[in-house]
Amino acid sequence: MEYLFALNEQQREAVTYGEGPLLVLAGAGSGKTRVITYRCAYLIEGMGVDPDRLLAVTFTNKAAGEMRQRMERLLGENSLTGVPLISTFHSLCVRILRRHIEHLAAGFTRDFSIYDDDDQQRVIRQCMRDLAIDERQVTPRYVSALISHAKNHAADALAYLSEGQHARDLRRSALAAIYPEYAKRLRASNALDFDDLLIKTVILLRDQAEVRAHYAGRFHYLLVDEYQDTNRPQFNLIRLLTDQYQNLCVVGDPDQSIYRFRGADIQNIIEFESHYPAARVITLDLNYRSSQRILQVANAVIRNNRQRKEKSLRTENAVGQLISYYHAPTGEDEARFVVRGIETSLRQESEARIAVLYRTNAQSRLFEEECRRAGISFNMVGGFSFYKRAEIRDILAYLKLALNNWDDESLLRIINAPSRGIGKKTIDQLIEAARGRGISLWEALALLLAERMLGARSLHPMAEFQAMIAALNERAREASVSQMVRAAMEETGYAQALRDKKTTDLNPEESEGRLQNLEELLTAAVEAEERRESLREFIDHAALVSDADDYDPDAHVTLMTMHSAKGLEFPSVCLVGLEEGLFPHARAAGDPDEMEEERRLCYVAITRAQQQLFLSHARVRRVRGTEAPAEPSRFLQEIPEELLADVSQAGSWLSESRRGMGRTDLTRSEYDRPEVFNKPRRPFAGKTYNSVAGIRAFLDSKGVKAPSSDEAPEIRAYKTSTKHRFTPGMRVRHQEYGQGVVIGREGAGEMVKLTVRFPGIGDKKMIEKFAELKRE
DNA sequence: ACATGTCCGTTTTTT
DNA sequence: ACGGACATGT
């Protein structure tokens with residue numbers, strides 16, 4: 001156990017802590033994964049715990065895989081013991097449910113299908129159509145988000161949603177109607193959505209003492225990674241599993257909680273000590289990853305959050321380089337500059353590893369194109385992942401239907417793919433027959449055929465379809481995974497249709513690409529077979545892989561969202577699109593909690609960097625086709641200027657602010673560059689404005705697009721915010737006096753005087769320009 | 001039944 | 001700018 005010497009004091013304490021609840025508050029880069037893996041090793045080797053009594057839970061397969069690898073390396077050297085079970089929350093639940101779901105007495109069988117969010121949206125869309133709810137008033141997307149929210153926050157989702165009926169909110173009352181219909185269909189299809197996987201497992205363990213005893217008795221020690229991102233069902237699951245031994249070790253960092261939008265509850269980690277009064281708390285705040293300057297930036301930003309446990313990362317690493325800062329004229333220029341920088345780095349350092357991190361997937365396109373143009377190969381995470389492609393989903397739908405005949409969604413997906421002459425009318429007839437009798441589409445199909453209720457034209461294709469699925473179903477008893485995938489491709493005519501299309505269609509590349517994807521699926525099936533996985537496991541895996549799972553740790557250049565970067569590290573990180581409305585995203589405006597979540601995301605992104613951090617934003621960005629001027633992100637304003645090295649070509653927002661011109665002003669020379677402000681300028685022909693603020697003032701004076709008075713004050717303030725523009729009512733922070741509220745504003749231009757009321761101190765008058773106020 | 005054309009929303013993050 | 005959903009034509 002000489003490896004214990006490779007740990008610092010806090011890490012060692014966490015690793016060797018014995019029985020009972022343990023909370024490890026692990027700041028970014030403080031050796032979190034190391035603590036978990038070493039702790040497992042220590043429990044096994046030092047305390048003689050049987051590896052089968054250990055369970056480690058993570059959020060992504062990527063994290064689980066990495067942990068498994070590190071543990072194998074650690075244990076493999078010294079002993080012959082096995083490796084403990086390392087699983088994601090969702091795959092753990094699938095394992096449990098595939099064995100015991102029939103105990104639930106809710107009608108599900110162990111052959112249940114998993115509906116991913118795409119399937120989910122399709123079901124919701126159908127429900128809405130049946131209930132005659134206009135998709136333009138309530139989008140399926142919104143519905144699914146609210147259903148998920150209800151399921152994750154309330155014991156009784158329907159009751160929760162029904163409360164909305166009393167409120168006169170149209171969308172809410174629509175939801176109260178949609179939800180029961182949605183739940184009914186899933187049940188009838190013997191299908192569970194992602195939320196159900198957790199919730200049904202919790203119900204199963206809660207209500208079935210025998211099943212609970214089995215699992216709680218099996219796992220004597222439970223370790224949970226990224227605990228700050230757990231939601232309520234996950235919290236309940238953990239409680240149920242640790243109910244017997246209370247040997248729970250959770251590791252996380254409240255400052256890195258970035259999944260509130262999908263139900264993560266930061267209170268789980270903040271309140272851990274009250275949930276487990278016997279808990280020991282160990283804080284890891286020594287960072288091994290980043291340079292001092294990078295950590296200074298991270299600390300400076302996260303400090304602006306109010307709801308947090310005070311903590312400041314420190315490091316013994318070198319001071320490091322200044323943070324590069326670039327202000328690009330347009331989004332395209334930003335991408336060009338970043339990729340050029342990457343090119344240079346790759347030339348200098350052949351082993352370089354650089355990540356480009358953005359807020360939204362839509363931003364990836366510019367960087368993809370620029371990399372391609374420059375001939376730089378890159379690894380892009382997310383976006384159009386392999387298992388989301390239509391042809392892959394189609395083949396999987398065949399297999400899902402073969403294993404679960406009640407799976408209406410899969411049936412609808414492939415009944416006419418490839419087109420075999422079963423049209424809308426026939427499908428409607430099928431749906432109608434099923435609805436009237438309360439049976440599945442598959443059963444209705446048999447009925448229509450038996451009763452000769454079909455038109456002459458659709459009879460044949462329908463009969464063939466039935467025979468085909470029946471044959472596939474029959475074959476699933478003995479065939480191997482790859483044989484099944486091959487059968488779903490060939491015996492359904494799917495692959496042949498693509499080959500035909502390739503020879504007749506005007507763009508054969510598309511069909512060829514799809515065929516190649518199918519070959520890739522076949523390869524994956526062979527690999528699954530070698531791992532001795534069943535067809536069911538293969539299909540489950542396809543549903544549960546996350547975008548982050550196609551991250552390649554050896555890639556020199558990686559493009560991904562800030563969210564998927566969590567848990568990773570890179571020598572160089574480029575944080576792009578640092579603009580108000582984009583990052584922080586406009587959706588967070590007016591909601592302080594969401595704004596804090598955006599800031600935590602910023603903190604996560606910054607702390608991915610080891611040696612080099614590069615920050616950029618554009619002056620003009622094209623969003624959804626039209627160009628719009630963009631203001632620097634508030635997060636940039638929160639970074640002390642002395643940490644930044646401005647590498648912008650023309651005058652930048654930063655250089656202007658240093659010259660005291662106000663950070664959002666444009667210089668004359670930039671304004672004259674035609675490509676920079678072409679679009680916004682046109683409406684103001686005959687008069688020149690040299691700043692975004694100036695244009696706004698003009699608009700305001702004309703009453704055009706002026707912020708309307710019925711907007712909430714926070715939203716109005718958000719829209720007009722610049723560093724040097726404070727208006728009465730605004731909450732601000734002063735270096736010396738602390739938090740206060742602006743109560744008066746007088747004067748104009750450079751000489752604006754503000755009156756600010758500081759609780760407990762009194763009213764102060766100050767000149768806006770020199771006051772160094774920050775918005776709260 | 002299927003191909004072609006037009007319109008509209010879409011983009012926040014994801015197991 | 002792009003893709004999906006719907007309408008129209010063959």
Side-chain angles (χ1 to χ4, degrees), chain A residues 57-64 87-94 114-118 120-122 125 129 135-137 139-142 144-145 148 152 192-199 226 229-231 233-234 257-264 357-366 369 381-385 387-388 390 416 418-427 455 457-458 461 501 504-506 540-549 560-566 577 581-589 591 594 597-598 600-602 604-605 621-627:
Chain A
V57 186
T58 64
F59 275 83
T60 63
N61 295 297
K62 173 189 74 189
S87 175
T88 66
F89 274 106
H90 287 85
S91 52
L92 174 72
C93 290
V94 170
I114 300 171
Y115 280 5
D116 63 20
D117 49 349
D118 204 72
Q120 190 183 21
Q121 303 247 329
R122 289 165 62 115
R125 192 163 275 141
R129 225 163 271 168
E135 282 190 22
R136 274 164 303 191
Q137 282 183 327
T139 65
R141 192 173 190 77
Y142 176 80
S144 67
S148 176
N152 286 323
L192 303 183
D193 65 22
F194 282 148
D195 295 323
D196 289 334
L197 293 177
L198 296 161
I199 292 166
E226 306 280 15
D229 287 327
T230 50
N231 62 19
Q234 284 159 340
S257 167
I258 55 173
Y259 285 110
R260 202 173 83 101
F261 69 93
R262 68 169 201 222
L357 307 182
Y358 34 79
R359 176 69 230 280
T360 66
N361 276 308
Q363 290 165 262
S364 71
R365 214 197 74 244
L366 294 173
E369 282 172 1
V381 178
F384 45 93
S385 90
Y387 287 103
K388 285 206 178 99
N416 200 33
S419 60
R420 44 175 72 91
I422 301 176
K424 188 175 183 299
K425 223 180 129 196
T426 313
I427 293 173
R457 223 164 135 187
S458 51
K501 199 167 177 224
T504 55
D505 215 73
L506 358 114
D540 286 350
H541 175 79
L544 296 177
V545 284
S546 67
D547 287 338
D549 291 326
M560 64 174 137
T561 64
M562 301 180 193
H563 279 90
S564 30
K566 196 177 66 158
L582 188 57
F583 187 44
H585 195 273
R587 287 283 291 256
D591 183 337
E594 283 205 39
E597 173 132 323
E598 294 283 308
R600 289 193 294 270
L601 182 58
C602 187
V604 166
R621 185 167 296 273
R622 217 199 327 263
V623 52
R624 293 208 275 269
T626 51
E627 291 189 333

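Note that the structure is predicted; figures quoted are calculated from it, not measured. Letters go in sequence order (proteins before strands), and every chain restarts at 1.
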- May A:Phe89 be described as stacking on the base of B:dT15, applying a 5.5 Å centroid limit and a 30° limit on plane angle?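 A:Phe89 ring does not meet the centre or angle cut-off for B:dT15; no stack.
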- Message: Restricting to side chain to side chain donor-acceptor pair (under 3.5 Å), what partner residues turn up for A:Lys388, sequence neighbours left out?
- Response: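 Counting only residues at least two positions away or on another chain, A:Lys388 forms a side chain to side chain donor-acceptor pair (under 3.5 Å) with A:Asp547.
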Is [X] near enough to [N] that one of its side-chain N or O atoms lies under 4.0 angstrom from OP1 or OP2?
{"X": "A:Thr561", "N": "B:dT14", "value": "yes"}
{"X": "A:His585", "N": "B:dT12", "value": "yes"}
{"X": "A:Arg587", "N": "B:dT12", "value": "yes"}

Counting side-chain heavy atoms from CB outward, which of [options] is closest to [X]?
{"X": "A:Arg457", "options": "B:dT14, B:dA1, B:dT12", "result": "B:dA1"}
{"X": "A:Phe261", "options": "B:dT11, B:dT14, B:dT12", "result": "B:dT14"}
{"X": "A:Arg125", "options": "B:dT11, C:dA5, B:dT15", "result": "C:dA5"}

- Note on the structure: By nearest-nucleotide position on DNA chain B, the 5'-leaning member of A:Asn61 and A:Thr426 is A:Thr426
- Aromatic contact, A:His585 with A:Phe261 (centres under 6.0 Å): no
What protein N or O atoms touch nucleotides 2-10 of chain B N or O atoms at under 3.5 angstrom, if any, and at what distances?
| from | atom 1 | to | atom 2 | distance (Å) |
| --- | --- | --- | --- | --- |
| B:dC2 | OP1 | A:Gly421 | N | 3.3 |
| B:dC2 | OP2 | A:Asn416 | ND2 | 3.4 |

- Item | Rounded interatomic separation in angstrom, taking NZ from A:Lys424 and C1' from C:dA5 | 12 Å
